[in-house]
Amino acid sequence: MTIKLTRTQIDTALPKVEKGLQQYLWIQSKITGCHDFHSDREFRRKYNHFYRIRRASPWQDIFYSLMARAKKEHLQFRDVLDALRKSTGRLEASFASKLLATINPNLPVIDSVVLKNLGMRLPTTTEPDRILKVCNIHKRLSACFNDFLQSDNGKYLVDVFKKKYPNAKITETKMLDLVLWQTRA
């Protein structure tokens, strides 16, 4: 799978990024600047809004505690995925990737919009080796992001993103993620 974004699509998506970019920058400032971000109500509210988390408080307590642990222990995707599954009983690929991409902004987010743009899908609940398949999707997504960012259109995206938002100090991966999210297939 490859990311197929044209310069026209990039140019069209870029102005739509602004609101989400401001929300993302606020979230990242709390992650890097506050040791107790995971228990801060405002952080949770804004994070939940940005990443569209609509789960009850007990689930959120597990999620945000795991986020703090992941930051402290430098957990990998499989670790986060397994910990969420053990604590919630569900395989939470998208939420695991969002948690990890918050801690490590060089990692992509598994999101239905992004997956659709790439012609990818998560394995169904009944597929054998589901955890392994989800981990492989995350790896493939990382490779797709890296490949695209090294292409001419990837370099174009980074260049115009930096010109449009010169004060936004974010990773190239997140630039691409924000643009992809605004590009509905």
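- Taken from CD in E73 to CG in D79, the straight-line distance is 9.0 Å, to the nearest 0.5 Å.
- Using a distance-only test at 3.5 Å, with no hydrogens or angles considered, a donor-acceptor pair links the side chain of S39 to the main chain of D36.
- Between the CD atom of Q28 and the CD1 atom of I170 there is a distance of 9.0 Å, given to the nearest 0.5 Å.
- Going from atom CG of L14 over to atom CG of L178 covers 9.5 Å, rounded to the nearest 0.5 Å.
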Practice item. Could you give me the CA-CA distance, side-chain angles and deciding distance for L91 and R130, then say whether side chain to side chain contact (heavy atoms under 4.5 Å, CB included) is met? Key: CA-CA 9 Å; L91 191 63; R130 186 170 176 229; 3.5 Å; yes
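- Side-chain atoms of L66 and L75, non-hydrogen and from C-beta on, do get closer than 4.5 Å to each other.
- Using a 4.0 Å cut-off between charged side-chain N and carboxylate O, E92 and R55 make a salt bridge.
- Note: T173 OG1 to L141 CG = 9.5 Å, rounded to the nearest 0.5 Å.
- Side-chain atoms of E127 and K133, non-hydrogen and from C-beta on, do get closer than 4.5 Å to each other.
- Here the side chains of M175 and K162 are in contact, with some heavy-atom distance below 4.5 Å.
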Practice item. Would you check, one step at a time, whether the test side chain to side chain contact (heavy atoms under 4.5 Å, CB included) holds for F77 with L107? Key: CA-CA 10 Å; F77 180 72; L107 295 174; over 6 Å; no
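- Looking only at side-chain heavy atoms (C-beta outward), K19 and F50 stay at 4.5 Å or farther from each other.
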Exercise for review: Apply salt bridge (Lys or Arg N to Asp or Glu O under 4.0 Å) to the pair D82 and R85, showing each step before the final yes or no.
Suggested key: CA-CA 5 Å; D82 283 340; R85 185 180 51 78; 3.7 Å; yes
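- Between T12 and T183 the shortest side-chain heavy-atom distance does not fall below 4.5 Å.
- S97 places a side-chain N or O within donor-acceptor distance of the main-chain N or O of I110, the cut-off being under 3.5 Å.
- Checking side-chain atoms of T171 against main-chain N and O of P105 turns up a donor-acceptor pair under 3.5 Å.
- Among all heavy-atom pairs drawn from P108 and H138, the shortest one is O-NE2, 3.5 Å.
- With a 6.0 Å radius and a threshold of 12 heavy atoms from other residues, nucleotides or ligands, Q23 has its CD atom above the threshold.
- For D177 and K174, the salt-bridge test passes: some basic side-chain N is under 4.0 Å from an acidic carboxylate O.
- The ring-ring contact (aromatic ring centres under 6.0 Å, His included) analysis of residues 144-180, with sequence neighbours excluded, yields the pairs F161-Y165.
- No path of Ile, Leu, Val, Met, Phe, Trp and Tyr side chains, each step under 4.5 Å between heavy atoms, connects L132 with L81, placing them in separate hydrophobic clusters.
- Annotation: side chain of L122 is in contact with side chain of L115 (closest heavy-atom distance under 4.5 Å).
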Review point. Should H49 and K46 be marked as a side chain to side chain contact (heavy atoms under 4.5 Å, CB included) after you check the CA-CA gap, both sets of side-chain angles, and the distance that decides it?
Key: CA-CA 5 Å; H49 177 75; K46 289 185 177 187; 5.6 Å; no
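- Every residue two or more places apart in sequence or in another chain that forms a side chain to side chain contact (heavy atoms under 4.5 Å, CB included) with D159 is listed here: K163.
- Using a 4.5 Å heavy-atom cutoff, the side chains of R121 and S112 are not in contact.
- Aromatic ring orientation, W59 versus F63: parallel (interplanar angle below 30°, classes split at 30° and 60°).
- In this structure, Q9 contributes its side chain and T6 its backbone to a donor-acceptor pair below 3.5 Å.
- Residues V113 and L180 share a closest heavy-atom pair of CG1-O, 3.9 Å.
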Review point. Please walk me through it: do S94 and Y51 pass side-chain hydrogen bond (donor to acceptor under 3.5 Å, both in side chains)?
Key: CA-CA 10 Å; S94 181; Y51 281 114; over 6 Å; no
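- No hydrogens or angles considered: a donor-acceptor pair under 3.5 Å links the side chains of Y64 and N48.
- Rounding to the nearest 0.5 Å places CD1 of I103 at 12.5 Å from CZ of R69.
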Point to revise | Working for side chain to side chain contact (heavy atoms under 4.5 Å, CB included), residues I3 and L176 | key: CA-CA 10 Å; I3 296 173; L176 175 55; 3.7 Å; yes
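- Annotation: side chain of R7 is in contact with side chain of N153 (closest heavy-atom distance under 4.5 Å).
- For the pair V109 and K98, the tightest heavy-atom approach, listed with the atom from each and the gap, is CG1-CG, 3.5 Å.
- Note: F37 and F43 have perpendicular aromatic rings, judged against thresholds of 30 and 60 degrees for the angle between ring planes.
- Note that CG of D61 is 11.5 Å distant from OG of S87, once rounded to the nearest 0.5 Å.
- The pair R44-D40 fails the salt-bridge criterion, with no side-chain N (NZ, NE, NH1 or NH2) lying under 4.0 Å from an Asp/Glu carboxylate O.
- Of all non-hydrogen atoms in P15 and K164, the two that sit nearest each other are CA-CE, 4.0 Å.
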